[in-house]
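Count residues from 1 along the sequence. Order of listing sets the numbers, starting from 1, for every ligand and every atom in it.
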Amino acid sequence: MDMPTPQNVLVVEDEEHLAHMLELELTHQGYRVGKAATGPEGLSMALAGPWDAVILDLMLPEMDGLSVCRHIRERSAVPIIILTAKGEVEDRVSGLDAGADDYLPKPFHPEELLARIRAVLRRRARGDRPEEELQVDDLVLNLNTREVRRAGQLVHLTRNEFELLRFLMDNSPWVMTREMILERVWGYDYLGSSNIIDVYIRRLRSRVDDPFPAKLIHSVRGVGYVLKTL
Ligand code: CA
């Protein structure tokens, strides 16, 4: 999972504090970071590339993020992750319509942005071909047939169990926070208790881990869950 060469990420964000925090986090993770603080600057920097990903705020001076996104898309296929204010569903939809690859509602945990960046980079590395299988150790999840097998044995999962397993496998070996799991598996607008995660993790374990000697799903106290070989 190590990155062979540093990847270049452009951060287009006018909130200086947030832009600086993102720069620190991304640099710390080994990315090369460029920054732009207005729409036009972001657009010209994005097109001047080469970037592996663009983090694009929606509310920007001089030109809004959606217009920037559309203009980038006319000329470039660079992955774009849009930052939106929390809960603004329409922004998310228009962001995706404008050609963004993903969106992230503010406020967000830096880990979550990093996970999204890794995901768009992985998709890009696959040339946007849909990945057919996720595999961790002897656990295999087929995205087309939605079949899950552990050590060759078919494992039956409900829809939510499948989505939870898929999310953990897709992000393996990184720890996913409870917030990330809740948003990505149950949806950002889910209003129920986050205890649902523990319930589903227990069910997943009983199907995927309990019958087998090697455990793959691990709790990280106070943070969340990770699926990996120890
Ligand atoms: Ca802004």
Next on the checklist: Can you confirm whether more than 12 heavy atoms, excluding those of E16, are under 6.0 Å from its CD atom?
Outcome noted: no
Next on the checklist: Restricting to N/O/S atoms, is E15 within less than 3.0 Å of the Ca ion (ligand 1) or not?
Outcome noted: no
Checklist entry - When you look at CZ of R73, are more than 12 heavy atoms from neighbouring residues, nucleotides or ligands closer to it than 6.0 Å? => result yes
Next on the checklist: Could you check whether D52 pairs with R32 (Lys NZ or Arg NE/NH1/NH2 to Asp/Glu carboxylate O, under 4.0 Å)?
Outcome noted: no
Checklist outcome for this item: Looking at D57, the N, O or S atom sitting nearest the Ca ion (ligand 1) is OD2
Checklist outcome for this item: min-distance N/O/S atom, D14 vs the Ca ion (ligand 1), resolves to OD1
Checklist entry - Between R203 and Y200, is NZ or CZ placed under 6.0 angstrom from the six-membered ring centre and within 45° of the ring axis? => result yes
